Every structure is written in structure tokens, then in C-alpha cells.
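In this chain, numbering begins with 1 at the start of the sequence shown. The shown structure was predicted, so the numbers you read here are calculated from the model rather than taken from an experiment.
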Amino acid sequence: MLIYLLPCYIIGFAFKGGIENADVQAVSNLEGFFSKKLQTAIETEIENYIPAKACALLENASLQRFMIEASNTLFQWSCYPTFYGSSVIYIPEENALTSIPPKEIEEENGIEDFTSELDKYALTHPDVNFVVYVVPENNYFTVHNPATELVSDALTFDDVILQFKNTLSNTSSVKLLYPEFNSLSDYYQYFFTSDLHWNIKGAARAVQEIIDALNLEEMTSGTYDAISNIPFMGTESRGALMLLGDEIQDYSFDDSDLYTEGEGGKRQGIDLHEHYWKASLLDKQFNSYSYFTDLENTTIKGGKGTHKILLVADSLGAAAQRILAYSSSELTHCDALRGEKNSDLVLSEELQKNDIDTVVFIGRPFDYASFIKRNPSYFS
């Protein structure tokens, strides 16, 4: 992790003057007008495009953090907020940012609902393999988050996994997988220190575990290489008003046989990464994870394996998609697990349309918890 100092005008444009969500559209009605919420939202939206506001926010947060750090020389806290009132905490030992652990998942019984529906579906489809891979979000609730001991009744990753396990029937064919870490340092080998996502090493580790569980074709050998010299300042960095940067890498291997089909069946390689390379410098810096997202909701063919896989994932699946495709004969990606996605998709139709024999879910606990509410017909 590196700490970067950028010119004030660059920071201003990157943050569009601030980071407040104005949501003008939501209050564009008579109620919003008479309650003055519409006026406030419009003023906030205008302020968000004033670069000086962003600079003031960053400078103020930096000053507050200096005072917090000064206090920490006496108290020696293992973590502390990035500014007074911040929900993002800084971990000096790892030079990393994370969030204060929650006490509960917003969608009550959501994980049980998802797991129960999938379990029943799997029992009626014995010819299909099912894997659920659960990923802790940026150390949001693992036992290694130093803020866990400061929050009474904090929800831990172990608590969440137990919800999955307790819901699966004794005769379930669903394979439940999740990463385990020995320490905080071990965790940050596989996750960005400034963002919510895992890095490519975390994605590759998960793919290897899925390959082992399903006895798929082994991953080909490759190397982890930086994609550019532009630092990645992720979601946690922006929310913390603390500009920390990660190096973003990819897994380089011979994927020349993998392809997607465009209009008229025209073959196209999978290494274009157009979302990233066509982005502006600032988008590359603050949204580097887009490097992995240009193959979402596509089908990759030409793999070395024998299984046709449906990958149902939130944004974490984007980094794993290309590697897992190598070990399949064909991989179809569906982003229905993304927390903001709503659909009327039906899994049986997806299986039939693409002749799928293996379904792999990859996502965060919160996205599993809201899945049935957002995709009510999926397991029908």
C-alpha cells in the first residue's frame, strides 16, 4: 500500500467536489418541494461539483486524523477512524482501511431464504453441480478485524457461515466454500487495502478451491503482473477521505484459446479490458476494478475442461471469471447476485438455454441475503 499526494485540482475533479449523495430525483415532487428537501438536494448536488469543497473535506479529514494519531501515541489503538465520525477505520499495522463491523445483516433471514431455496432446487436437480462461495467483504466482519472487539455483539464471518451451514440439509448436494485466514496480514495478501474487493490473488485462490471441489481441469500456470503504474484508490479510500493506493495486478496465462462470440458469431479474444483502457486517467485511478468487468454477462468458450458452468456472481466474480473459464468447456456469467440488480430470471431456463451442468455462486454475504428479494422467481 502506498500513500499518494495529488494536486488539489485533480482531487477536486476526482471527487466531483465532495462525496455526498444528493439524490435530487428521489425528492423531485411536491412533498420534496414543500419540505425543502428538494432545495437542499439541489444545493448539495451543485456543491458536489465545486473542486474546492473536495479539497476542504480532504484537508479537514487530514487534520482530524493528525489529532487522532497524536492521541494514539498514548493509547496505542490497533485501529482508529479516519476522521471524527467516520465509519471507515485505519489499521496502522497493515496500512489498510476497513469498516466498523455490523451487528446484523439488513435482510433478516435473507441468507436462510437463499440457502433453503437453493438446497430444495438442488435436490430436484441431481444432475447439476452446485457451489456457493462466500467471500468476506474487505474484512467487514471477520475475527481478524481489530474493530470487532470494540463492537458489542459484532457480526463475524463465522456467524454468517454458520447461517449457511445450519440451513443446508444433511443430504444437501450443495458445496459450501469460503476462504479462511490465519491473520490480518494473511487476509490482505488476497484483498485490496483501499477497496471492498479481493485482488486477483484472492480470486485465483477461490477458483483453485472451486476446481478442487468439483474436480475440474487444473488451472494453467501463470504469473501475477501489474497492469499499469497507475495506483488504485478504492471505495474505502474515497469514503475515508484518505488517499491510499494499491497496485492492481492480473493473472497472466496463455488464454489464447478462450473467446467470446460477437455479432454474427465473430470470435473475439478476452484480453481487451476495454472498460479500463478506454477510461480516463481518473477513472483508472479511482475505479481500477473495472479492468475485470468487461466480460460480465457474456459467455466464454474454448476452455480446456468438460463442464459448462453458469457463474452467478456479484462484482467479485468478474476477477475470477476468466481463470475459471479456462477450467471449463464454456462459462456463462450472470451478475444477478450484484446487490443492486433485480430480475425475473428463472434458473431452469438458464440451465436449459446454455446446457449448463454446473452452477457456481460467488458473492458477499449481504448480496446473498438480498438475492431472493431481488430475484423472486429464480428458483421457481
Side-chain angles (χ1 to χ4, degrees), residues 114-115 117-133 171-177 203 206-220 253-271 292-314 316-338 341-363 368 371-372 374-380:
F114 168 83
T115 310
E117 290 295 312
L118 173 60
D119 195 25
K120 288 185 291 186
Y121 188 90
L123 288 173
T124 60
H125 294 77
D127 55 334
V128 180
N129 302 308
F130 291 93
V131 170
V132 172
Y133 198 99
T171 58
S172 178
S173 61
V174 176
K175 294 177 172 61
L176 177 65
L177 303 176
V207 170
Q208 184 60 64
E209 292 174 15
I210 293 168
I211 288 172
D212 293 342
L214 295 172
N215 196 28
L216 301 178
E217 180 74 21
E218 277 298 319
M219 285 172 54
T220 185
F253 65 95
D254 182 7
D255 59 6
S256 56
D257 290 333
L258 298 177
Y259 64 93
T260 61
E261 291 182 346
E263 293 184 9
K266 183 179 179 181
R267 291 191 178 190
Q268 181 172 286
I270 65 169
D271 275 334
F292 299 109
T293 62
D294 58 333
L295 293 175
E296 288 184 315
N297 297 312
T298 62
T299 295
I300 300 177
K301 299 181 178 182
K304 304 300 182 183
T306 59
H307 291 275
K308 289 190 175 182
I309 297 176
L310 174 64
L311 172 62
V312 186
D314 58 17
L316 291 162
Q321 178 180 0
R322 189 168 59 97
I323 309 174
L324 184 58
Y326 179 91
S327 296
S328 68
S329 66
E330 187 173 297
L331 182 144
T332 299
H333 182 282
C334 171
D335 69 352
L337 198 49
R338 275 182 176 266
K341 293 288 184 176
N342 298 277
S343 82
D344 56 0
L345 292 173
V346 177
L347 178 56
S348 293
E349 295 176 359
E350 297 295 300
L351 300 185
Q352 185 176 7
K353 180 173 65 175
N354 297 294
D355 196 22
I356 299 295
D357 58 60
T358 300
V359 181
V360 176
F361 293 89
I362 297 178
Y368 282 111
F371 184 84
I372 297 298
R374 294 181 290 103
N375 305 275
S377 59
Y378 200 73
F379 295 116
S380 61

Would you say the side-chain atoms of Glu218 and Gln208 include a donor-acceptor pair closer than 3.5 Å?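 Indeed, the side chains of Glu218 and Gln208 share at least one donor-acceptor pair under 3.5 Å.
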Modelled atom types, side-chain donor and acceptor of Ser172 and Asp119, under 3.5 Å: yes
Minimum heavy-atom distance Glu209-Tyr133, with the two atoms named: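 For Glu209 versus Tyr133, the nearest heavy atoms are OE1-OH, 2.9 Å.
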Closest approach of Ile356 to Thr332 (non-hydrogen atoms, all atoms of both residues): CD1-OG1, 4.5 Å
With heavy-atom distances below 4.5 Å as the criterion, would you say the side chains of [X] and [Y] are in contact?
X: Leu123; Y: Thr171; answer: yes
X: Leu118; Y: Val359; answer: no
X: Thr299; Y: Leu331; answer: no

Within the distance-only criterion (no hydrogens, no angle test), does the side chain of Ser327 pair as donor or acceptor with the backbone N or O of Glu217 below 3.5 angstrom?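 Yes; judged by distance alone, with no hydrogens or angles, the pair exists.
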For the side chain of Ser377 and the backbone of Leu345, is there at least one donor-acceptor N/O pair under 3.5 Å apart?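 The answer is yes, because a donor-acceptor pair under 3.5 Å joins these two groups.
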CA sep, side-chain torsions, deciding dist, call: Arg338, Asp314, salt bridge (charged side-chain N to carboxylate O under 4.0 Å, His left out): CA-CA 4 Å; Arg338 275 182 176 266; Asp314 58 17; over 6 Å; no
Contact list for residues 346-355, test side-chain hydrogen bond (donor to acceptor under 3.5 Å, both in side chains), sequence neighbours left out: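 Counting only pairs at least two positions apart or across chains, the side-chain hydrogen bond (donor to acceptor under 3.5 Å, both in side chains) contacts touching residues 346-355 are Tyr121-Ser348.
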Could you tell me which residues satisfy salt bridge (charged side-chain N to carboxylate O under 4.0 Å, His left out) with Asp271, sequence neighbours excluded, listed by chain and number?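 If we apply the salt bridge (charged side-chain N to carboxylate O under 4.0 Å, His left out) test to Asp271, skipping adjacent residues, the hits are Arg322.
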Please work out which of the three classes, parallel, tilted or perpendicular, describes the rings of Tyr378 and Phe371, given edges at 30° and 60°.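 Answer is perpendicular, since the angle exceeds 60°.
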Is the shortest distance from a Lys or Arg side-chain nitrogen in Asp335 or Lys341 to a carboxylate oxygen in the other one below 4.0 Å?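 Yes.
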Less than 4.0 angstrom from a charged side-chain N to a carboxylate O is my criterion; do Lys301 and Asp257 meet it?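 No, no charged N to carboxylate O under 4.0 Å.
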